[in-house]
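Throughout, protein chains are lettered first and strands after them, A, B, ... in sequence-line order, and every chain is numbered starting at 1.
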Amino acid sequence: MTRQREFDGERWIGIVDAMAVGDPVSSEDTGYVRDHADAEEAKAEQELWDGIASFADASSTSAADDEALIDAVVAGAREREATQGRGRTATVIGIASALAAAAAVVLWVGSTAAPEGDTAEVAQVAPAAPTPVQIETPAVASGTFTAGATTLASAQPVPLGTWLEAGTAEACIDLELATACAAPSSRVQLPSEDDVDLGEGGVTVTVAEGRARPARVKTERGNASSRRGKFEVTVERRTRIVTIVALVGPVTVEDPRAGVRELAEGSSLVLGADVSAANVVPETESAVEIPAPDARAKKPKLSAVDMLHRAQDRMAAKDSKGAIAAYRKLLASYPNSPEAHAALVSTAKLELKVGSHKAALRHFNRYLAKGGANAEEAHLGRIAALEQLGRRDQELKAIGVFLDKYPRNAHAAKLRARAERLRGNAP
Amino acid sequence: MLVTGSLAHATSAQLPPLAADAAWGHAAGAVQGVGPGRRAGMPRSTDDVANRPAAHAEDRALMERVAAHDEPAQRELAKRLLPIARKVTRALLRDAVESDDATQLSLIEILRSAKSYRGETAVERWAQRIIVRTTLRHIRDQRRFYKVVDAEAEVGDVRATPVSRRASEELPRPPEAYLAEISEVQREAVLLHHALGYTVPEIAEITGVTQNTAKARLLYGRRALRKLVRRDLNIGKGQDS
């Protein structure tokens, strides 16, 4: 006969945690947990794990949405392949010696620091610390870069003064107390351990607290730097327009024309916007030298502006499907470009029209996350998408937000009536 | 009788250890503790599908066509992997719209990586790791899942944490609410384990950390969640507060 045991919360916690992380447990401990399944704390915790386990449960999707997503995937893969085939810079200065040094590099894993959580409990449960390994900074943190014919992968040191191209996925470089992540196919180089030269594409820099010197991104139109926080810099390939976004914390911007200014968190700045799209020549007072394009480069693929125009042409020709495909190619090829952002609302409206409601909602949301001149239209579209998807609670909330912000909109009365119906108040 | 999250999952489709799975490249040893079994529909490690050379030969042929940019093959692969991608991204991102974004990115990455498939395991298994990594990277990049909403009220719904539909009488708030309050790396570890059924060695491999670190993150994540739940139980906080 099983002796009834009082519930010992600490013992129970120790056992279930051991089970979760794969540590061995005795059959007696297993029995203890089973015997106390009805304890209030045990039941609540069980609900939590069961709830999380249900996250992977399948949700229903329509065949149209699946097809639309697969279309976008195939188009996106094709465009990235075309980008990869453009050819790479031939600069290989210092690569051979750097790679020879890499053979002797030992990695210092940042995770050897104390694990997150209650440090008072570390001694109780933390296993033996792994052997620390040292790493030279800067080094590739994730993804791959190419420099000519050489590929640099994770943990390999990044040679200073050498232009690199990020691979087909984002690639990051570890600096001291900072990380610089280059968007796919971006071109960057490190003139020093604190600076990143951005030739084209985008780079996001995250700076940890405690850094003595600011981490800086330099472009031909100006520089951005921060001592702590996160910021993003993009250089549009054709127009050379530079966009700086202060994601977390303030960013110092050095503009050769306007001097030094500080960008507040959440705001952005564009440098060189007065340069016409046809002007692709860097300014003479450029902050960084851009090497000559690779002579072996194949015919350049369409720019974001060209893709946008192509999509607009198809829309003007009332070819909805063709326009959607063209817009999606733009979104897949230049996801961070101003052209892609501007195209989000048009894409979403077309998708609403052809019944791809989930895709439409996704694009309206993405536009609204950054905002823009078409926010009002995007809100309306979002409400329509939510209605089509049957998400009544979200639709009601969205209507409320819209009416607060745009009370005089032509659709306001209709939306108020709709809100009443959703609340169940309307006859 | 199912008694705890861990034991409950163990009595469902528990997978054999990963030691024999060449794709993981390490001998994980026997999983001595009891962890959640692989979620239904997720690829298994050493089941009969993975052991059938004929299945891998077919997969290799398909992947060769994909690597050669054969569009029908690309579409076939994307369609085949779409359910797995949706499950993973949905588990990690919750919101259906956001998970679609991550699904798209993951499948593009898979098509681009087709030439690296060596046929040592089923395509689903090979692809799932790419999907998880791509999704985690997407989450970190976008920081959309659990961040406080923007100052602009209209995007409150855009970034709002979707609530699981699972009814719960014991839990004061939905699981998402608790997950939002722990650190990102702990949340990753908890989701990878409890939602997707990965073991500590697998979590370490996926997230690129040591097994000790993965274990600590999971442990501390569980403890942090437990503390939050107990705090709510103590103060009698309801779901609508």
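Considering all non-hydrogen atoms of both residues, B:L191 and A:I52 come closest at CD2-CG2, 4.0 Å. Heavy-atom minimum distance, A:A169 versus B:E109: CB-OE1, 3.7 Å.
A distance-only check finds no donor-acceptor pair linking the side chain of B:H69 to the backbone of A:R78 [under 3.5 Å].
Of the atoms belonging to A:R328, not a single heavy atom falls under 4.5 Å from chain B. Using a 4.5 Å cut-off between heavy atoms, A:D404 does not touch chain B at all.
Among A:I13, A:T204, A:D71, A:L247, the residue with the largest count of heavy-atom pairs under 4.5 Å with chain B is A:I13. Of the listed residues (B:Q74, B:Q104, B:E71, B:R226), the one with the most heavy-atom contacts under 4.5 Å to chain A is B:R226.
Applying side chain to side chain contact (heavy atoms under 4.5 Å, CB included) to A:V21 and the options B:I203, B:T199, B:V200 leaves one that passes, B:V200.
A salt bridge is absent between A:E170 and B:R137; no separation between the charged side-chain nitrogens and carboxylate oxygens falls under 4.0 Å. Under the 4.0 Å criterion applied to side-chain N and carboxylate O atoms, B:K79 and A:D66 are not assigned as salt-bridge partners. Using a 4.0 Å cut-off between charged side-chain N and carboxylate O, B:D101 and A:R362 make a salt bridge.
Evaluation of the salt bridge (charged side-chain N to carboxylate O under 4.0 Å, His left out) rule for B:E188 yields B:R140 as partners, not counting sequence neighbours. Under the side chain to side chain contact (heavy atoms under 4.5 Å, CB included) criterion, A:L344 pairs with A:L331, A:H341, A:H363, A:R366, A:Y367, not counting sequence neighbours.
Inter-residue side-chain proximity for B:L107 and A:L69 is flagged as met; some heavy-atom pair is nearer than 4.5 Å. Put simply, the side chain of A:F55 reaches to within 4.5 Å of the side chain of B:E176, judged on heavy atoms. Two residues are said to be in side-chain contact when any heavy atoms from C-beta on lie closer than 4.5 Å; A:D23 and B:K215 meet this criterion.
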